[in-house]
Protein chains: 2
Amino acid sequence: MNIRSEEIQTGAHACVSCRNCALKPLCLPGHLPVQEARALESAVERGRQLAPGMALVRAGASMDALLVVRSGSAKRFSVTLEGTEQVHGFVLPGEAVGLEGFATGRYGCEVNALEPLSYCRVPMHKLEQLLERLPGLRREMLRLLGQALDEALRLRGELAETDARGRVARFLADLSERLARRGFPPYDFRLSMSRADIARHLGLTLETVSRAFGTFKREGWLRVRARDISVLRPDALAALAGAPNCA
Amino acid sequence: MNIRSEEIQTGAHACVSCRNCALKPLCLPGHLPVQEARALESAVERGRQLAPGMALVRAGASMDALLVVRSGSAKRFSVTLEGTEQVHGFVLPGEAVGLEGFATGRYGCEVNALEPLSYCRVPMHKLEQLLERLPGLRREMLRLLGQALDEALRLRGELAETDARGRVARFLADLSERLARRGFPPYDFRLSMSRADIARHLGLTLETVSRAFGTFKREGWLRVRARDISVLRPDALAALAGAPNCA
DNA sequence: CCTGTAATTTGATCCGGATCAATAAGTGAT
DNA sequence: ATCACTTATTGATCCGGATCAAATTACAGG
């Protein structure tokens, strides 16, 4: 997906500039008054780079920090008793990770890097201190969780009432839109996840996902070369995906 | 579902005793230190009783209070562009409602009473004041949202990988367990929602839900008389439902 | 209690997506 | 480049659940 932060990798630990971060408008500080953003910034640490396949979060591990992906992409999933993966979704830069951990203080699912990944972290004890004195941050945390919840509900609803091609179309449309908001070309990207990952995310088999790609290609809506995707007819995809539910 | 609070309906507005509420251990105050629970209590108002079919929450309406169902049950749903209902789930006493509203300040979905329903409300401005000085409540709100998120993720995962009878089995097992935690008989209850509601919740048709009930009845796991359900073999249901995913 | 209407069950058929199977295209290491 | 291996495409068949269609059972209102 060619996702890379434009900042220079410093290696420093607690020296992060949210101010100059390209992701600021998508991230927590983008919704905070200036002085609150400053205060938050001082609590943010930079996590070290992770290689593809490495775990950013392990299910059951103590939630000791709030994590936000800075560059790269990741896969959120749970491992079922049968040992299969339940893929909850994919994480792009500026998105927080492991929020379900607030439920118990331990993460509820796994998050693995799909590409070289860097991230920011706010240690929990610092977060709690900040929440004590920053009303904007309090609101922002609730907003963030509310948004994640809303998203999860929407995704579930879609699973329940959309057919295979519709799900794949929406997956692509959604990805496209999220890339666009991050300043990446929305109609020309490389998928960082396998067909199997997409399939497990959408409650389909990888064959069905592959066939959906094939159909879109044949219709002239998409150009597919393995994981390189070009969207030629975003309107057609959006139409098939169906509009997000209203009301 | 025969859900009724044991408290006498007072009609008073801001005179609620969380202390003596049967739902306390399931509700917000149950997780707070005593003096924080007191402070919260003083901000809680009693909502007026709603008749079946009435809306507790309308999608798009301004989220002016945190709502918790006190007695009765409700249906959470969204209305799609085609006018169909996407049923997100069902609400039992002690459960908060409309939490996705934190995302935007407006509720994201509808909540309708399925039975005569009463509820408690904490006005948003009072909630914000309390959050300023109650660290336990801050943690509790994050926990509540984290839990809702975790729940939504789990439900989505199940949709993606469980077949029709498994979904119905899990629906019943889940309901049974939630009733038990509220002190209701877990193996003998009346469903407050229609087959169609269950179907839309599980991403099935009402015929398929009905057939699943039929199968369970024939197997001797269930006694079904319209909406009256007796669970005869909870173990069998739980087995079919499959264990919740681990890790 | 009866009656009309809505909710539920049951039956018959059909189709989308799963499954099984084989081929083809990437990808990384030597 | 070549080889070994993983990932993706394509094909054939099968089955679970959707859809269409009655028949039956609850239930609210008179």
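Every chain is numbered from 1, with letters handed out A, B, ... down the list of sequences.
- A salt bridge links Arg178(A) with Asp174(A); the closest basic N to acidic carboxylate O contact falls under 4.0 Å.
- A cation-pi contact links Arg195(A) to Phe213(A), judged by a cut-off of 6.0 Å to the six-membered ring centre and 45° from its axis.
- Atom CD1 of Ile198(A) is separated from atom P of dT9(D) by 9 Å (rounded to the nearest Å).
- Spacing between atom CD of Glu115(A) and atom P of dT27(C) amounts to 14 Å, rounded to whole angstrom units.
- Note on Gly166(A): nothing from the nucleic acid sits closer than 4.0 angstrom, heavy atoms only.
- Of the candidates dA21(C), dC27(D), dA8(D), dA8(D) carries the atom nearest the Arg195(A) side chain, counting heavy atoms from C-beta on.
- A salt bridge links Arg121(A) with Asp64(A): at least one charged nitrogen is closer than 4.0 Å to a carboxylate oxygen.
- If you check every strand for non-hydrogen atoms under 4.0 Å, Leu204(A) touches sugar and phosphate atoms only.
- One atom, CG of Leu159(B), and another, P of dG17(D), lie 13 Å apart when rounded to the nearest Å.
- Out of dT27(C), dA21(D), dG17(D), the shortest distance to the side chain of Glu207(B) is found at dA21(D).
- Spacing between atom CZ of Arg167(A) and atom P of dA18(C) amounts to 8 Å, rounded to whole angstrom units.
- The phosphate of dT9(C) has neither OP1 nor OP2 within less than 4.0 Å of any side-chain N or O from Arg227(B).
- Using a 4.5 Å cut-off on side-chain heavy atoms (C-beta onward), Glu95(A) and Arg182(A) make contact.
- Distance, Leu202(B) CG to dG17(D) P: 12 Å, rounded to whole Å.
- At a threshold of 4.5 Å between non-hydrogen side-chain atoms, the residues Leu222(A) and Val231(A) count as touching.
- Ionic pairing of Arg211(A) and Glu207(A) is not present here: no N-O contact between side-chain nitrogen and carboxylate oxygen is shorter than 4.0 angstrom.
- Note on the helix from dC1(C)-dG30(D) to dT30(C)-dA1(D): angle between the axes of the first and last five pairs equals 60°, rounded to 10 degrees.
- Put simply, CG on Leu206(A) is 15 Å from P on dA21(C), counting in whole angstrom units.
- Among the nucleotides dT9(C), dT9(D), dT7(D), the one closest to the side chain of Val224(A) is dT9(D).
- Salt bridge Lys75(B)/Glu110(B): absent, no basic N to carboxylate O contact under 4.0 Å.
- For the pair Thr162(A) and Ala226(A), both in contact range of DNA chain C, the more 5′-proximal nearest nucleotide belongs to Thr162(A).
- What separates CD of Glu161(A) from P of dT19(D) is a distance of 12 Å, to the nearest Å.
- Geometrically, Arg76(A) does not engage Phe90(A) in a cation-pi contact, judged by NZ or CZ lying under 6.0 Å from the ring centre and within 45° of the ring axis.
- Contact between the side-chain N/O atoms of Arg211(B) and the OP1/OP2 oxygens of dG17(D) is not found at any separation under 4.0 Å.
- With rounding to whole Å, Arg200(B) atom CZ is found 10 Å from dA7(C) atom P.
- OP1 or OP2 of dT24(D) has not a single side-chain nitrogen or oxygen of Arg225(B) nearer than 4.0 Å.
- Contact annotation: Ser194(B) side-chain N/O to dA7(C) OP1/OP2 distance is not under 4.0 Å.
- Ser210(B) has a side-chain polar atom (N or O) that falls below the 4.0 Å cut-off from OP1 or OP2 of dT9(C).
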